[in-house]
K.L.:
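Submitted below is the structure of interest, expressed as C-alpha cells.
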Amino acid sequence: MTKTNDPILLSVDGPIATLTINRPDARNAMSIEILDAFHAAIDDLQSSDAHALVITGAGRAFCAGMDLKAVLVELSGDPSIGKQLLESLAELTLKLRSLPIVTVASINGAAIGGGCGLACVCDVAVTHADAKLGFPEVDLGLCPAVIAPWVVKKLGPGVARNAMLMGGVMSGSEAHAIGLVDALANAREELPELTKQIAERLATGGAKALAATKNLLNTIDGSLDPTLVRKGAELSASVLATPEAQAALSARMNPSK
Amino acid sequence: MIECSIENKIASIALNRPDKRNAMSPEMLDELQSAIDQLPDDLRAITLTGNGKTFCAGFDLKRCAADPTGETMRSLLSGLSGIVSTLRSKPFPVILGVHGAAVAGGCALLGGADIVLADRNAKLGYPVVKIGVSPAVSAPFMLASITPGAARNRLIDTELINATRAHKIGLVHQLVDSPEHVRSKAQQIAEQLASKPTTGVRATKVWLNEIGAPMTNHAAEGLHASLALAGNDEECTRLAELWGN
C-alpha cells in the first residue's frame, strides 16, 4: 500500500481501485518522478482483481500537465528532460489505454494540456461545472502532439482540431457540451458521489466482458498502434526545444520580465 | 469573383458573386484556387467568408443545366475538390465564416477549414442527391471532421440544418449571434491565432492533418465517385426540371 507522501497513491476498495496523482503543491504537474510512479502503479494494476480504476488528483487540481519548470531549460539546465517527459507520457498513455480495466478520470480541478490528454485516454471522464479543462499548448509555443491522437478519438477530429488550435481553457460545463467529459456534477463537492456512482455501476459489469469490450474498441479505433503517439513525442520535443517555445515558456513563468 | 487581401500576415478571402448568392462557376473556382495558390508561405491565418446576403449557395446550377455533356459539373467538382485539399494542406489555420447559408458545394468548403463559425440561423447541408449529384466528393473531408454517423446522415439526408444543430454535431465550432458579425468574428479569431507563437500552431495543424490522413487520403476516390455521375440521364433530367426547360 502507498504512503501519504508518495507521488502516486493507489488504494483498492472492493472492485474499485483509485489512483491519486499526489503533488498538490505543483497542481499535480507531471514530473519524471510522478510519471515513473504512475507507470509503476499501472504495471501493478495489470494483475489486479479490480473491475474499475478511478484516476483523480490530490488537492485542488486534477493535473496541470507537464512540469513547466522541468522543461524550461533556463530553469532546469537540462535540455533532455523535456524529451524524457514526453516519451514517458507517450508510453503511459499507451499503457493506460490498453489496461484491461475500465478507467474513469474524475477531474476534480484543473486538467490542462497533458493532464487533459490523460483524461481523454480514460474510458470515461467526469468533472464538475467549475473545473478548468483545455489544451493551451499553442499559447505557450508548444504542440500537443502526444495527446492529439487521443483527443481526436475522444472529441472527433473537427472538434479536437478547433480545441487544440484555439488553445485556452474551458469550464467543465463547456467540456461536457463538446464531449470532452461524459458526465457533469453541478458542484465540486458533488463530484466524489457522481464518480462513485459511475465507478460502482461499471464495476457491476463482468470484468471479462468489460475488458473484452474495451479491447475491441481499442482495436477498432487504432489505440493499440503506438506509432502516432511515439512520433508525437518526437515532434512535441522538437517544438519544445525551439527558441520560440523556450521564450514563450520563460515569459509565462516570469510574467514580470 | 474573389477578393483577396493580406494584412499583418492574415489573408482575408471573400467569395464575391453576391447577385448569385456566391454560387460557384468554373471561373470563380479557378480564381479561388489561384488566389489560394499565390498566398505566401509565411502567413499566420486565412479567413474565408462571403460577400452579400449569403456565404455560398453551392454550384451555379443554371450553368450546369445548360450543359448536358456534364462538363461544367465535372469542372466544378474537380475545382471544389482541389480547393478543399489545398486549404487543408496549408500549414496555417483556416477560419471559415458562414452567414446566411452554406449549401452543397458551399458546405463542402467547410472541409478545408480548421475553425468554422456561423450565424445562429445559417442553413447548412447537402441537398444535392435531389438533383442526381453525389456528394461523395465531400465524404472524406466530412469523415475527417465530424463523427462517422453524423457524416453519413448529413451526406445522405437532403434536409438543411440550422447552425445551432450543426454546432451540436461539430460541423460548426462557434456560433455568432447575427450574420453581420460573422466576418468581424472570423477576423478576430484569425488575429487571436496569429498572436500565438507560430511554430507550435503550424506543427499542431500539420500534425492534425497527419492524424486525419487515413480519411482525407480518400479524396481522389470521393471525387471520382462524384465525377462518374456527372452528365448522366438522371442528373440532366432533374437539373432541367429544376430550371423549367
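Values reported hereafter were calculated over all heavy atoms of this structure, with side chains retained and with hydrogens, waters and symmetry mates removed. Proteins come first, then strands; the chains are lettered A, B, ... in the order of their sequence lines, and each starts at number 1.
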K.L.:
Checking B:S81 side chain against B:S78 main chain: does a donor-acceptor pair fall under 3.5 Å?
P.N.:
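No: the side chain of B:S81 does not pair with the backbone of B:S78.
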
K.L.:
So what's closer than 4.5 Å to chain B heavy atoms on A:V159: side chain, backbone, both or neither?
P.N.:
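Both the backbone and the side chain of A:V159 come within 4.5 Å of chain B.
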
K.L.:
Are the side chains of B:L87 and B:I46 in contact, using a 4.5 Å heavy-atom criterion?
P.N.:
yes

K.L.:
May I have a list of the donor-acceptor pairs under 3.5 Å that connect chain B with chain A?
P.N.:
| from | atom 1 | to | atom 2 | distance (Å) |
| --- | --- | --- | --- | --- |
| B:D114 | OD1 | A:R161 | NH1 | 2.6 |
| B:S145 | O | A:G158 | N | 2.6 |
| B:H173 | NE2 | A:G158 | O | 3.3 |
| B:K196 | NZ | A:D139 | OD1 | 2.3 |
| B:K196 | NZ | A:M166 | O | 3.1 |
| B:T198 | N | A:E244 | OE2 | 3.0 |
| B:T199 | N | A:E244 | OE1 | 2.8 |
| B:T199 | OG1 | A:E244 | OE1 | 2.4 |
| B:W207 | NE1 | A:A145 | O | 2.9 |
| B:N209 | OD1 | A:R161 | NH1 | 3.1 |
| B:N209 | OD1 | A:R161 | NH2 | 2.8 |
| B:E210 | OE2 | A:K231 | NZ | 2.5 |

K.L.:
Taking the side chain as everything from C-beta on, heavy atoms only, tell me whether B:L193 gets closer than 4.5 Å to B:I10.
P.N.:
no

K.L.:
Who wins among A:A248, A:P144, A:A145, A:G222 for the most heavy-atom pairs under 4.5 Å with chain B?
P.N.:
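Most heavy-atom pairs under 4.5 Å with chain B: A:A145.
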
K.L.:
Donor-acceptor check, side chain of B:N22 to backbone of B:N51, threshold 3.5 angstrom: yes or no?
P.N.:
yes

K.L.:
Given a strict heavy-atom distance threshold of 4.5 Å, which part of A:A148 is in contact with chain B: side chain, backbone, both, or neither?
P.N.:
both

K.L.:
With sequence neighbours excluded, give me every salt bridge (Lys or Arg N to Asp or Glu O under 4.0 Å) pair touching residues 101-111 of chain B.
P.N.:
none

K.L.:
Could you pull out the closest heavy-atom pair between A:A175 and A:L133, with the gap in Å?
P.N.:
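Reported closest heavy-atom pair: CB-CD1, 4.0 Å.
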
K.L.:
Does any N or O in the side chain of B:R120 come within less than 3.5 Å of the main-chain N or O of B:N162, such that one atom is a donor and the other an acceptor?
P.N.:
no

K.L.:
Contact part of B:L143 toward chain A, heavy-atom cut-off under 4.5 Å: side chain, backbone, both or neither?
P.N.:
backbone

K.L.:
So, for B:L124 and B:A163, which heavy atoms are closest and what is the spacing to 0.1 Å?
P.N.:
CD1-CA, 3.8 Å

K.L.:
Please state whether the side chain, the backbone, both or neither of A:L165 comes within less than 4.5 Å of a heavy atom of chain B.
P.N.:
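Interface part for A:L165: both.
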
K.L.:
Taking B:T54 for the side chain and B:A101 for the main chain, is one N or O donor matched with an acceptor at less than 3.5 Å?
P.N.:
yes

K.L.:
Who among B:A150, B:G212, B:A144 has the most heavy-atom pairs with chain A under 4.5 Å?
P.N.:
B:A144

